[in-house]
K.L.:
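First the structure, then my questions, so here it is.
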There are 2 protein chains.
Amino acid sequence: MEKIKLSSSLEDYLEAIYNILLHSEKVRAVDISRELNVSRASVTEALKKLDELDFVNYGRYETLSLTESGKKYAVEVLSKHNHIQDFFEKILGAEHEEACENACKIEHIISENILDRLVAFTEFTKLHPEKYNEFVQYYKERRNQ
Amino acid sequence: MEKIKLSSSLEDYLEAIYNILLHSEKVRAVDISRELNVSRASVTEALKKLDELDFVNYGRYETLSLTESGKKYAVEVLSKHNHIQDFFEKILGAEHEEACENACKIEHIISENILDRLVAFTEFTKLHPEKYNEFVQYYKERRNQ
DNA sequence: AATAATTGTAAGGTAAGCCTAACATTTTGT
DNA sequence: ACAAAATGTTAGGCTTACCTTACAATTATT
């Protein structure tokens, strides 16, 4: 089974749905529209697409939910987001808001491999604040596990 | 005078023109179309827009050139690209190709401030490979100059 | 110089992603 | 229960950025 790559826009919708479900029972189109600053009409349109791709269970005026693959996809995007934001905030020292905004865009386009290296670098940096240049070796060994 | 922010796409066109002019006398639409993997028709369309915005001097069947602001804009984008690529390649140890591809996308969306911090971090890391955590202080001082 | 090949442009089409306005449905308040 | 408010949907439009096809202009070849 091919791994589908969604557009940045649809990834944002999935992510928003997941986030809303973290602190609510239900997701309403209007919640998503507020989260993403788009019209309710745009939300309906996006939900139809996500439903066709089997990432959400959607029906007119019905309760919306994520499918298993929708949940999985959302978690992946969110994980990317958090890793990128963490690097910007904790390593580069950027403000929370700015780190978040940048991560929101980069999460959709960064490659798996570079993200993996970035994560490893952040981890290592946190573990060994005094010397970072053992990182290269660390990364090599980490890859060979 | 407001600083115009071009779309990612138009930034790509400007960048391509600049790059071609680095090793050619003239830029042809077909060169741009090859560099960006788009049709010649799309190039014509983009050139009309860039001409209207006064980033290129363009006229039907005439020699194309960058205006001063076009050149300035292209240099800025290219500089962003190089900084990001440098971090991915030299610090994270990614392959040249992958570093370049990722930089090509991120250059259009990263914020000035985070890029500045990334650049400083890369510089510092190169200067002090043994201890990186003086970076925070370094960055502060660097900002106050 | 005439023809062939290349390059540039115009016209018309497509898809994604957004919008507003109007209408349908559901929920809320009295 | 019923009117008012909120929410969801549809229809129609817009913009960006692509495309293909056909034609125009330029450049290269013989």
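Letters A, B, ... are given to chains in the order of the sequence lines, protein chains preceding strands, and every chain is numbered from 1.
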K.L.:
Can you run down the ring pair (Phe, Tyr, Trp, His ring centres under 6.0 Å) pairs that involve residues 83-106 of chain A, sequence neighbours left out, and say none if there aren't any?
P.N.:
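Ring pair (Phe, Tyr, Trp, His ring centres under 6.0 Å) check on residues 83-106 of chain A returns A:Phe87-B:Phe87.
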
K.L.:
Output the rounded distance in Å from CD1 (A:Ile17) to P (D:dG8).
P.N.:
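A:Ile17 atom CD1 is separated from D:dG8 atom P by 12 Å.
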
K.L.:
Let me see the working for A:Ser65 and A:Asn57 under side-chain hydrogen bond (donor to acceptor under 3.5 Å, both in side chains), right down to the final yes or no.
P.N.:
CA-CA 5 Å; A:Ser65 63; A:Asn57 301 118; 3.1 Å; yes

K.L.:
OP1 or OP2 of D:dT10 sitting under 4.0 Å from any side-chain N/O of A:Lys48?
P.N.:
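So the side-chain polar atoms of A:Lys48 do come within 4.0 Å of the phosphate oxygens OP1 or OP2 of D:dT10, strictly under.
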
K.L.:
Within the pair A:Arg34 and D:dT7, is there a side-chain N or O less than 4.0 Å away from OP1 or OP2?
P.N.:
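Looking at the OP1 and OP2 atoms of D:dT7, one of them is under 4.0 Å from a side-chain N or O of A:Arg34.
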
K.L.:
What residues form a salt bridge (charged side-chain N to carboxylate O under 4.0 Å, His left out) with B:Asp86, not counting sequence neighbours?
P.N.:
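B:Asp86 satisfies salt bridge (charged side-chain N to carboxylate O under 4.0 Å, His left out) with B:Lys90, B:Lys126 only.
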
K.L.:
Rounded to whole Å, how long is the line connecting atom CG of A:Leu47 with atom P of D:dT9?
P.N.:
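To the nearest whole Å, that distance equals 7 Å.
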
K.L.:
For a quick check, with a 4.0 angstrom heavy-atom cut-off, what is the B/S/- contact string for nucleotides 13-29 of chain C, read 5' to 3'?
P.N.:
---SBBBB---BS----

K.L.:
Does anything in residues 16-54 of chain A form a ring pair (Phe, Tyr, Trp, His ring centres under 6.0 Å)? List the pairs, not counting sequence neighbours.
P.N.:
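For residues 16-54 of chain A: none.
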
K.L.:
Could you tell me the separation between the OH atom of B:Tyr58 and the C1' atom of C:dT9, rounded to a whole number of Å?
P.N.:
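Roughly 7 Å, once rounded to whole Å.
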
K.L.:
Residues two or more places apart in sequence or in another chain: which of them pass ring pair (Phe, Tyr, Trp, His ring centres under 6.0 Å) with A:Tyr13?
P.N.:
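A:Tyr13 satisfies ring pair (Phe, Tyr, Trp, His ring centres under 6.0 Å) with no residue once adjacent residues are dropped.
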
K.L.:
Which side-chain N or O atoms in residues 34-52 of chain B pair as donor and acceptor under 3.5 Å with protein atoms at least two apart or in another chain?
P.N.:
residue, atom, partner, partner atom, Å
B:Ser39, OG, B:Ser42, N, 3.2
B:Ser39, OG, B:Ser42, OG, 3.1
B:Thr44, OG1, B:Arg40, O, 3.3
B:Asp51, OD1, B:Tyr58, N, 3.2

K.L.:
Output the rounded distance in Å from CZ (A:Arg28) to P (D:dA6).
P.N.:
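For the pair A:Arg28 CZ and D:dA6 P, the rounded distance is 11 Å.
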
